[in-house]
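Below: one structure, written as structure tokens.
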Amino acid sequence: MNHGAARSTADGAGAPSRVLVVEDDPDMRRLLETALRRQGYVVDSLSVGTDVVRAAARCEYSAIVLDVLLPGANGLEVCASLRQRGRWVPVLMLTALAATDERVRGLRVGADDYLTKPFALEELEARVHALIRRNSAAEAQTLRCGELCLHVAERRCFLREEEVLLTPREHSLLRALLQRPGIVLTRRTIMDMVWGGTEQVNPNAVEQAIGHLRRKIGADMLQTVHGVGYRLVDPPARR
């Protein structure tokens, strides 16, 4: 992995944001690195898709710029693997294919944005900045439903002021439900939001995850709407 030092703070305050560039073409990779460092980011780079998940586990990245066509594992597979492991770092996909179905597949496996080659470096810089800014705002959130509270950035959950210990998967599931309290999420929607919509997921994975989370926060909060999906509610008895 190549590393680069930031010359300034990306957002003007605090520590500089760290971005991972994953591109197998060496000329394009150097071009992306230079452009992002010029914006004040700390930049790491990789050329092989199979190395990305391991790198993301070692380092907290503010964003990943991910080419679709990579050796080892393509960008779609890499993005799906990240989401399966509960890594919700913003991902900007780069592709030479402008087809709609390609973009849809990327978004289904958890990509946050898409940029089709060739592109202007100014647009890349603007999109990365927007992703980091939007994610920073989301991470600062405290999500609530009745007496249930999830501090997103700290990854800590409290129910009636008692801390509830969650696995990374349970945290992702609860976050998805808390973002839409009272709204029924279908099994397909949950798979897309929590697992990245990949086809390798065990058919019973959603039901198992719902069952584990229900035991921790209470069956009265996490309801099954038969034939439709699941929803998080504030039970009347607790109000």
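Keep in mind the model is a prediction, meaning the values are calculated, not measured. Nothing fancy with the numbering, it's 1 onward along the sequence. For the numbers below, each heavy atom of this structure counts, side chains included, while hydrogens, waters and symmetry mates do not.
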Taking all heavy atoms of Met93 and all of Val68, pick out the closest pair and write down the distance. SD-CG2, 3.9 Å

If only atom types and distance count, is the side chain of Arg18 paired as donor or acceptor with the main-chain N or O of Val42 below 3.5 Å? no

Shortest non-hydrogen contact between Val109 and Leu76, atoms and distance: CG2-O, 3.8 Å

Arg83 with Asp112: basic N within carboxylate O range, under 4.0 Å: yes

One thing to verify: whether Asp67 and Lys117 come together as a salt bridge, which I'm taking to mean a side-chain N less than 4.0 angstrom from a carboxylate O. yes

Is there a donor-acceptor pair under 3.5 Å between the side chain of Glu123 and the backbone N or O of Ala120? no

What distance do Leu148 atom CG and Arg160 atom CZ have between them, rounded to the nearest 0.5 Å? 9.5 Å

With a cut-off of 6.0 Å (strictly less than), are more than 12 heavy atoms of other residues, nucleotides or ligands near CD of Glu163? yes

So if you build clusters from Ile, Leu, Val, Met, Phe, Trp, Tyr with side-chain heavy-atom gaps below 4.5 Å, do Val43 and Leu121 land together? yes

Spacing of CG belonging to Leu213 relative to CZ belonging to Arg169, to within rounding of 0.5 Å: 13.0 Å

Gap between atom CD of Gln223 and atom CD1 of Ile210 - 0.5 Å precision: 11.5 Å

Quick one: do Val194 and Val228 end up in the same hydrophobic cluster if we chain Ile, Leu, Val, Met, Phe, Trp and Tyr together by side-chain heavy atoms under 4.5 Å apart? no

Are any non-hydrogen side-chain atoms of Pro168 and His171 less than 4.5 angstrom apart? no

Decide yes or no for Leu174 and Leu143: does some side-chain heavy atom of the first lie under 4.5 Å from some side-chain heavy atom of the second? no

So which heavy atom on Cys145 is nearest to which on Asp234, and how close? SG-N, 3.6 Å

Heavy-atom pair with the smallest gap, counting every atom of Phe119 and Leu124: CE1-CB, 4.0 Å

Heavy-atom side-chain proximity of Ile217 to Leu232 below 4.5 angstrom: yes

Count I, L, V, M, F, W, Y as connected when their side-chain heavy atoms are under 4.5 Å apart, and connections chain through other members. Are Phe158 and Leu177 then in the same cluster? no

Give, for atom OG1 of Thr95 and atom CZ of Arg105, the distance between the pair rounded to the nearest 0.5 Å. 9.0 Å

Result for side chain to side chain donor-acceptor pair (under 3.5 Å) between Thr224 and one of Arg231, Glu207, Arg214 points to Arg214

At their closest point, which heavy atom of Leu66 faces which heavy atom of Gly75, and how far apart are they? CD2-O, 3.4 Å

Applying a strict under-4.5 Å side-chain criterion to I, L, V, M, F, W and Y, I'd like to know whether Val184 and Val206 cluster together. no

Would you give the length of the straight line joining atom CG of Leu36 to atom NE2 of His129, rounded to the nearest 0.5 angstrom? 12.5 Å

Indicate, with yes or no, if Met191 and Ile183 share a hydrophobic cluster defined by side-chain heavy-atom contacts under 4.5 Å among Ile, Leu, Val, Met, Phe, Trp and Tyr. no

Quick one, Leu82 and Val53 - any side-chain contact, counting heavy atoms below 4.5 Å? yes

In short, Arg144 meets Leu178 closest at the heavy-atom pair C-CD2, 3.8 Å

Intermediate values then yes/no, side chain to side chain contact (heavy atoms under 4.5 Å, CB included), Leu173 and His212: CA-CA 11 Å; Leu173 174 58; His212 291 317; over 6 Å; no

What distance separates Asp113 CG from Arg134 CZ, expressed to the nearest 0.5 Å? 7.0 Å

Leu94 versus Val65: any side-chain heavy-atom pair under 4.5 Å? yes

